[in-house]
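Encoded as structure tokens, the structure appears first; notes follow it.
It should be emphasised that the depicted structure is a prediction, and the values quoted were computed from it without experimental measurement.
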Amino acid sequence: MQAAECIRSKVAAYVYRHVLEPFIPLEKQDLLRIQSHVDMLRHTLQQKENHFLLEMLENTLRSLILEVWNIILRMYKQENEFEHSFRWKDTLPRFLYLMHTNCCYHHTVKWYADQLYVSPDALSAKLKKLYGKTANQLISESLIEEAKVCLLNPANSVQDVAEKLCFSDQASFSKFFKRYCGMSPGQFKKQA
């Protein structure tokens, strides 16, 4: 995983496509390059005394991964009609994952768009088209659900929940909650 981390942003757009079609034909020159990396891995593993065995294996493995992804990217770059749509097929699930794991800490569309290397407007437009809701609406809904769960816990005060959800103060949290739920967090807590 560490060996592949350095290229994650460059290959993320193609991972979904590769999952759909994991087997690709190799040209002879590609096969020879991959085979040379595999041979080097084998040779390194057979060495009895090597003080840098782990480092050599990591670097050889990294080189092999880069070679394989270079072949895959070269093939997909030739199929430009898929490039744009598959980038979004990977981006939208990543947005949903980021939103569910970070909505308590990050409330702005810009933060999510920055993480996904897209513009906030493009992200919102794509989400609106697919889900009928903008990125801001989805983030707010997720944040409201988190707030409700926290408020249902009798040990949490409204102030505690505002702090857990990274609001600047209790008043801004209460205003946000009331806008979406039609009641204050305190009223919701009493009703629950």
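Annotation: side chain of Ile71 is in contact with side chain of Ile34 (closest heavy-atom distance under 4.5 Å). Contact check for Glu141 versus Lys133: side-chain heavy atoms found under the 4.5 Å cut-off.
Of the possible donor and acceptor atoms, none in the side chain of Asn70 sits under 3.5 Å from a partner among the backbone N and O of Glu67.
Look at Asp114 and Lys110 and you find a salt bridge, because one of the NZ, NE, NH1 or NH2 atoms lies within 4.0 Å of a carboxylate O, short of that distance.
Transitive grouping of hydrophobic side chains (ILVMFWY, heavy atoms separated by less than 4.5 Å) keeps Met99 and Leu165 in distinct clusters.
Here the OG1 atom belonging to Thr44 is positioned 11.5 Å from the CZ atom belonging to Arg42, to the nearest 0.5 angstrom.
When every heavy atom of Gln170 is checked against every heavy atom of Ala162, the shortest pair comes out as CA-CB, 4.0 Å.
Applying the ring-ring contact (aromatic ring centres under 6.0 Å, His included) definition to pairs two or more places apart or across chains, those involving residues 146-169 are His107-Phe167, Phe167-Phe173, Phe167-Phe176.
Residue-environment remark: CZ (Phe52) stays at or below the threshold of 12 foreign heavy atoms within 6.0 Å.
Tyr105 belongs to no hydrophobic cluster with other residues, because no ILVMFWY side-chain heavy atom falls under 4.5 Å from its own, directly or through intermediates. Under the 4.5 angstrom side-chain criterion for Ile, Leu, Val, Met, Phe, Trp and Tyr, Val149 has no cluster partners at all.
Donor-acceptor pairing under 3.5 Å is recorded for the side chains of Gln159 and Glu163. A donor-acceptor contact closer than 3.5 angstrom is absent between the side chains of Asn59 and Glu55.
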